Amino acid sequence: MTRPLTPRWYSPAEVAVLLGFGISKVKMKIATGELRSIKDGKYRRILPEWVDDYIRDQIERQEAA
């Protein structure tokens with residue numbers, strides 16, 4: 001019996017699908033620092049917990065407004 005592999009990190013395109021955003025919006029969020037990422041060679045990568053942090057920050061901003 002094998003268990004499915006869970007991604008250790010995501011590409012910006014995968015994060016766009018997860019969040020329901022377009023790829024350009026994810027890239028803009030990365031460029032402004034709202035969404036944390038690292039550069040791995042020529043690729044951008046985003047850890048799952050960084051996606052969770054982004055969502056949490058958005059919820060906190062909404063609740064504070």
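Every heavy atom of this structure was used, including side-chain atoms; hydrogens, water molecules and symmetry mates were not. In this text, all values refer to a predicted model and were calculated from it rather than measured experimentally.
Residues forming a side-chain contact (heavy atoms from CB on, under 4.5 Å) with I59 (at least two apart in sequence, or on another chain): I55, E63. Take D57 and apply the side-chain hydrogen bond (donor to acceptor under 3.5 Å, both in side chains) test, not counting sequence neighbours, and it matches no residue. For the side-chain contact (heavy atoms from CB on, under 4.5 Å) test, residues two or more places apart in sequence or in another chain that qualify with D40 are W9, R45.
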Under 3.5 Å, sequence neighbours excluded: what are the donor-acceptor pairs made by side chains of residues 18-38?
from: K29; atom 1: NZ; to: E34; atom 2: OE1; distance (Å): 3.3
from: K29; atom 1: NZ; to: Y54; atom 2: OH; distance (Å): 3.4
from: T32; atom 1: OG1; to: M28; atom 2: O; distance (Å): 3.2
from: T32; atom 1: OG1; to: K29; atom 2: O; distance (Å): 3.2
from: T32; atom 1: OG1; to: E34; atom 2: OE2; distance (Å): 3.3
from: E34; atom 1: OE1; to: R61; atom 2: NH1; distance (Å): 3.4
from: S37; atom 1: OG; to: R44; atom 2: NH1; distance (Å): 3.0

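Applying the under-4.5 Å side-chain rule to Ile, Leu, Val, Met, Phe, Trp and Tyr, the cluster around L5 consists of that residue alone.
Evaluation of the salt bridge (Lys or Arg N to Asp or Glu O under 4.0 Å) test over residues 3-17, restricted to residues two or more places apart or in two chains, returns none.
A 4.5 Å side-chain heavy-atom check between Y10 and P48 finds at least one atom pair inside the cut-off.
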